[in-house]
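Everything below concerns the one structure shown next.
Note that this is a predicted model, so its numbers are computed, not measured. Just so it is clear: chains get the letters A, B, ... in the order the sequence lines come, proteins before strands, and each one is counted from 1.
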Protein chains: 2
Amino acid sequence: MALPRAARTQRRTRIQEAKEEQILEAALEVFSLHGFRGATVDQIAEVAGMSKPNLLYYFRTKEAMHRALITRVLDTWLDPLREFDAGGNPVSEIRSYIRRKLEMARDFPRESRLFANEILQGAPNIEDELKGPLKALVDEKAEVIRTWAKAGKIAKCDPYHLIFSIWSTTQHYADFDVQVRAVLGQDQSGDGRFEDAARFLEQLFLNGLHINEQPT
Amino acid sequence: MALPRAARTQRRTRIQEAKEEQILEAALEVFSLHGFRGATVDQIAEVAGMSKPNLLYYFRTKEAMHRALITRVLDTWLDPLREFDAGGNPVSEIRSYIRRKLEMARDFPRESRLFANEILQGAPNIEDELKGPLKALVDEKAEVIRTWAKAGKIAKCDPYHLIFSIWSTTQHYADFDVQVRAVLGQDQSGDGRFEDAARFLEQLFLNGLHINEQPT
DNA sequence: TGATAATTTGACCGGTTGGTAAACATTACA
DNA sequence: TGTAATGTTTACCAACCGGTCAAATTATCA
């Protein structure tokens with residue numbers, strides 16, 4: 001008798017691992033473009049290059065697929081913030097945080113859009129994740145920023161809104177890519193816009209926080 | 001014989017005007033939450049308080065409804081940027097642009113999400129609008145900003161990325177509202193976060209552009 | 001090899017989808 | 001008022017949806 005993914009207790013075979021990867025890759029493609037309700041299992045199966053029943057052999061429901069995907073993406077998505085170091089100096093920490101987020105927008109736009117779609121549609125499936133782990137992490141880093149401000153290393157500001165503004169400005173280049181390209185024109189169809197964006201955002205945030213590049 | 005909306009040449013009756021308004025209001029609610037493919041005509045009809053065939057009497061297809069909605073929203077969405085005045089001084093112009101965008105995020109979050117959904121899903125229906133009228137308007141305002149920079153009124157910066165960053169930071173409070181609330185906690189469930197955001201963003205952009213509040 | 005488990009497929013199911021046809025009800029107006 | 005245009009509803013359709021099933025195929029390994 002066939003044992004679908006969820007019922008297994010033993011370790012996964014090579015085929016299982018490969019196929020699940022293949023499916024999640026296709027699911028990322030489709031979910032990130034159409035959202036959960038707008039995506040169809042048939043479409044995901046087609047992109048994954050397999051039949052629908054075959055796909056459903058590995059993930060028993062559309063929702064299970066989406067859940068697996070969201071969990072994985074949310075986790076890696078927070079990595080740049082986790083690296084944010086309390087011991088470092090504000091200039092390099094904020095600068096490299098912006099750079100990392102911008103690199104993710106450039107290299108993993110589908111992951112960003114998947115996440116954006118989920119939030120945009122009310123985050124029905126990850127509200128707990130947001131109020132739990134995400135909030136905890138942001139609270140921790142906000143405290144670091146507040147400490148810097150109190151020590152006079154950066155201008156006094158609301159650390160939460162600072163984080164929001166870094167998120168939004170960087171993710172904009174993934175989520176609103178179509179608009180960005182339309183406005184910039186086709187000359188900028190390469191990756192030049194990411195370098196321009198990095199330059200601008202560094203200027204904006206470092207000056208905006210009165211950081212003068214002086215070694216601390 | 002009944003003449004649905006698209007075939008009419010005479011002026012609209014009071015009933016038509018009222019019903020179409022009622023439908024677009026419901027469509028805004030549903031499309032902004034689920035995107036085009038995720039929304040269903042039945043659902044829109046239910047929110048609008050009428051039967052599905054009745055709704056389809058005014059808008060013959062789901063797509064026609066969506067098109068009408070997008071066109072209207074896109075137009076009003078650009079109003080704040082249109083008000084951006086070349087003759088004004090940088091401080092008040094940039095500050096009030098941020099304020100207007102933030103007010104729209106607070107007062108018309110559904111419109112913002114509708115637009116975000118559309119862009120996120122590749123803007124299949126409004127690419128021309130983006131490359132045409134939108135680009136033209138942004139080009140014009142970018143030139144204003146560039147003039148200010150050359151006159152030494154603000155720091156030298158890429159005007160396009162400046163506009164992008166104002167868009168993204170302000171719209172973030174509409175599009176990612178669920179996340180913002182989750183991170184800030186329930187204490188901030190009122191409108192306080194918009195005032196905090198306004199204060200932070202003004203600080204960020206005015207300092208970021210080296211604008212020192214001096215009257216020009 | 002052969003037998004057993006894992007994988008893949010085509011046919012199919014009940015429910016939902018966007019949209020239609022035509023009968024019925026209401027309004028506008030001569 | 002009458003009547004023609006406008007507006008609304010019930011019943012319905014074919015296509016598509018997520019998901020199931022049993023049969024067929026392939027991999028595993030004693």
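B:A39 comes within 4.0 angstrom of the backbone, heavy atoms only, and of no base. Contact annotation for B:T40: backbone-only contact, meaning every heavy-atom pair under 4.0 Å involves sugar-phosphate atoms and none involves a base. Nucleic acid contact class of B:K19 (heavy atoms, under 4.0 Å, all strands): sugar-phosphate only.
Rounding to the nearest 0.5 Å gives a distance of 7.5 Å between CD of B:Q43 and CD of B:E46. The OG atom of B:S168 sits 12.0 Å away from the CD1 atom of B:I163 when rounded to the nearest 0.5 Å.
For the pair A:Q43 CD and D:dA15 P, the computed distance is 19 Å after rounding to whole Å. Rounded to whole Å, atom P of D:dC17 lies 14 Å from atom CZ of A:F36. Separating the CG atom of A:D42 from the C1' atom of C:dT9 is a distance of 14 Å, rounded to the nearest angstrom. Put simply, OH on B:Y58 is 18 Å from C1' on C:dG19, counting in whole angstrom units. Rounded to an integer number of Å, the gap from B:L56 CG to C:dT17 P is 13 Å. One can place CE of B:M50 at 20 Å from P of C:dA25, the figure rounded to the nearest angstrom. Rounded to whole Å, atom P of D:dG7 lies 14 Å from atom CG of B:L55. To the nearest angstrom, P of C:dC12 lies 14 Å from NZ of A:K52.
Of the side-chain N and O atoms in B:N54, one or more sit less than 4.0 angstrom from OP1 or OP2 of D:dT9. Here B:Q16 reaches the OP1 or OP2 of D:dG7: one of its side-chain N or O atoms lies under 4.0 Å away. Taking 4.0 angstrom as the limit, A:Y57 places a side-chain polar atom (N or O) nearer than this to OP1 or OP2 of C:dT7.
Of the candidates D:dG18, C:dT9, C:dG19, the closest approach to any side-chain atom of A:S51 belongs to C:dT9. For A:P53, the listed nucleotide lying nearest its side chain is C:dG10; candidates were C:dG19, C:dG10, C:dT17.
Between the base of D:dG19 and the side chain of A:K62 there is no donor-acceptor pair shorter than 3.5 Å.
Ring geometry for B:W77 against B:F115 counts as tilted: the plane angle lies between 30° and 60°, on a 0 to 90° scale. Taking the six-membered ring where tryptophan is involved, the planes of B:H161 and A:Y173 are tilted, since the angle between them lies from 30° to 60°. Between A:F36 and A:F31, the ring planes are parallel. Angles under 30° get that label, and only those over 60° would be called perpendicular.
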